[in-house]
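Below: the structure, in structure tokens.
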Amino acid sequence: MIRYRRPKQDDPIIHDLICKELVPLSHLSPSELKTVVKDVPKRLSHGVTLVASQDYESDPIAFIHFMMHGELLYIDMMAVAPSYRRNRLGKTLLAQAENFASSRGCVKSKVMVDRDNTRAHLFYRNLGYQTIRYMKPSQCFELEKELFNRR
């Protein structure tokens, strides 16, 4: 099931998913990573976080965090616990985020994918995202997708 994040219950698990699934793929320096991880609670307080869980009361097994800026949906972070991969959770979470944003006037979605995260790059490409450019300083690919306006 997909539900909104419940900070007290979900944030420790989201933090763990970030540290285990996203941080190892980053090319930031250890000191930069420490700052990024420390700022996770602040990041989660801006935007929307949806989680996938076995049922309404269960802990998250995947999450997506996103923000909307005018007509742009920005996918900030998404991770799925390894034992739950290939169950369409990422695809379902992304579709929920895109529908949410589209219904509020967003016409484009953007995500940044770390250079070595080939699995995520392929995931987004298979869902209609196109690589726009490679950003050498952050060693990330910028991907975009047009959204259908559902207003």
Side-chain angles (χ1 to χ4, degrees), residues 1-29 32-53 56 59-81 84-85 88-117 119-151:
M1 88 160 303
I2 306 298
R3 61 174 173 76
Y4 288 99
R5 160 184 160 254
R6 293 193 293 256
K8 282 188 177 184
Q9 177 183 353
D10 300 338
D11 285 4
I13 294 145
I14 291 171
H15 188 270
D16 192 53
L17 280 170
I18 291 167
C19 289
K20 289 180 178 174
E21 305 303 320
L22 301 178
V23 167
L25 298 168
S26 176
H27 289 85
L28 296 175
S29 70
E32 290 171 313
L33 279 173
K34 187 176 181 179
T35 301
V36 167
V37 170
K38 183 180 153 231
D39 288 343
V40 165
K42 184 177 179 181
R43 279 172 76 175
L44 292 176
S45 71
H46 301 291
V48 178
T49 305
L50 300 174
V51 301
S53 59
Y56 186 75
D59 289 337
I61 52 179
F63 81 95
I64 187 169
H65 178 72
F66 59 94
M67 295 169 272
M68 294 172 290
H69 302 286
E71 294 183 338
L72 177 68
L73 164 64
Y74 178 71
I75 307 299
D76 183 34
M77 298 180 281
M78 183 168 70
V80 177
Y84 292 95
R85 290 194 184 129
R88 304 176 65 89
L89 294 173
K91 185 176 181 178
T92 301
L93 284 166
L94 185 60
Q96 290 279 336
E98 290 173 350
N99 289 338
F100 182 96
S102 181
S103 72
R104 287 158 178 80
C106 289
V107 297
K108 187 181 290 187
S109 179
K110 182 182 287 194
V111 64
M112 304 297 283
V113 176
D114 288 296
R115 180 190 71 201
D116 294 335
N117 195 346
R119 183 179 32 187
H121 202 147
L122 183 60
F123 168 80
Y124 287 108
R125 297 275 313 207
N126 286 339
L127 294 174
Y129 284 76
Q130 296 180 331
T131 304
I132 302 303
R133 62 184 166 152
Y134 177 72
M135 299 170 60
K136 195 170 185 174
S138 62
Q139 298 186 39
C140 289
F141 290 97
E142 179 182 9
L143 288 81
E144 285 186 354
K145 176 182 177 180
E146 297 293 323
L147 299 177
F148 297 104
N149 198 323
R150 293 178 169 82
R151 278 204 271 184

Q: List the steps, then state whether side chain to side chain contact (heavy atoms under 4.5 Å, CB included) holds for Tyr124 with Ile75.
A: CA-CA 11 Å; Tyr124 287 108; Ile75 307 299; 3.8 Å; yes

If every non-hydrogen atom of [X] is compared with every non-hydrogen atom of [Y], which pair is closest and at what distance?
{"X": "Gly70", "Y": "Cys106", "result": "O-SG, 3.7 Å"}
{"X": "Met68", "Y": "Ala101", "result": "SD-CA, 3.5 Å"}
{"X": "Gly47", "Y": "Met67", "result": "CA-CG, 3.7 Å"}
{"X": "Gly90", "Y": "Met78", "result": "O-SD, 3.8 Å"}
{"X": "Val51", "Y": "Leu93", "result": "C-CD2, 4.1 Å"}

Q: Could you walk me through whether His15 and Leu17 pass the side chain to side chain contact (heavy atoms under 4.5 Å, CB included) test, one step at a time?
A: CA-CA 5 Å; His15 188 270; Leu17 280 170; over 6 Å; no

Is it the case that over 12 heavy atoms from other parts of the model lie below 6.0 angstrom from the [atom1] atom of [X]?
{"X": "Arg85", "atom1": "CZ", "result": "yes"}
{"X": "Lys108", "atom1": "NZ", "result": "no"}
{"X": "Gln130", "atom1": "CD", "result": "no"}

Q. Which residues pass the side-chain contact (heavy atoms from CB on, under 4.5 Å) test with Asp59, sequence neighbours left out?
A.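 side-chain contact (heavy atoms from CB on, under 4.5 Å) list for Asp59, sorted by chain: Gln9, Ile13.
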
Q.
The test is side chain to side chain contact (heavy atoms under 4.5 Å, CB included); show your working for Tyr74 and Val111 and say whether it passes.
A. CA-CA 6 Å; Tyr74 178 71; Val111 64; 5.9 Å; no

Q.
Does any part of the side chain of Leu44, heavy atoms only, come nearer than 4.5 Å to the side chain of Pro7, both counted from C-beta?
A.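 Pro7 vs Leu44: side chains apart.
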
**Q.** Heavy-atom side-chain proximity of Glu71 to Leu147 below 4.5 angstrom
**A.**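 Side chain of Glu71 against side chain of Leu147, heavy atoms only: no contact under 4.5 Å found.
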
**Q.** For Phe100, ring-ring contact (aromatic ring centres under 6.0 Å, His included) partners two or more places apart
**A.**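 By the ring-ring contact (aromatic ring centres under 6.0 Å, His included) rule, Phe100 matches Phe66.
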
Q: State which residues pass ring-ring contact (aromatic ring centres under 6.0 Å, His included) with Phe141; sequence neighbours excluded, sorted by chain then number.
A: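 Checked Phe141 against ring-ring contact (aromatic ring centres under 6.0 Å, His included); matches are His121, Tyr134.
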
Q: Would you give the length of the straight line joining atom CE of Met1 to atom OH of Tyr56, rounded to the nearest 0.5 angstrom?
A: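 It comes to 7.5 Å.
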
(Q) Measuring from atom CZ of Arg43 to atom CD1 of Ile14, what distance do you get when rounded to the nearest 0.5 angstrom? (A)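 One finds 12.0 Å between CZ of Arg43 and CD1 of Ile14.
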
Q: For His27 and Arg115, test the side chains for any donor-to-acceptor distance below 3.5 angstrom and give the result as yes or no.
A: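 Indeed, the side chains of His27 and Arg115 share at least one donor-acceptor pair under 3.5 Å.
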
Q | Trace of the side chain to side chain contact (heavy atoms under 4.5 Å, CB included) decision for Leu73 with Arg104 | A | CA-CA 10 Å; Leu73 164 64; Arg104 287 158 178 80; over 6 Å; no

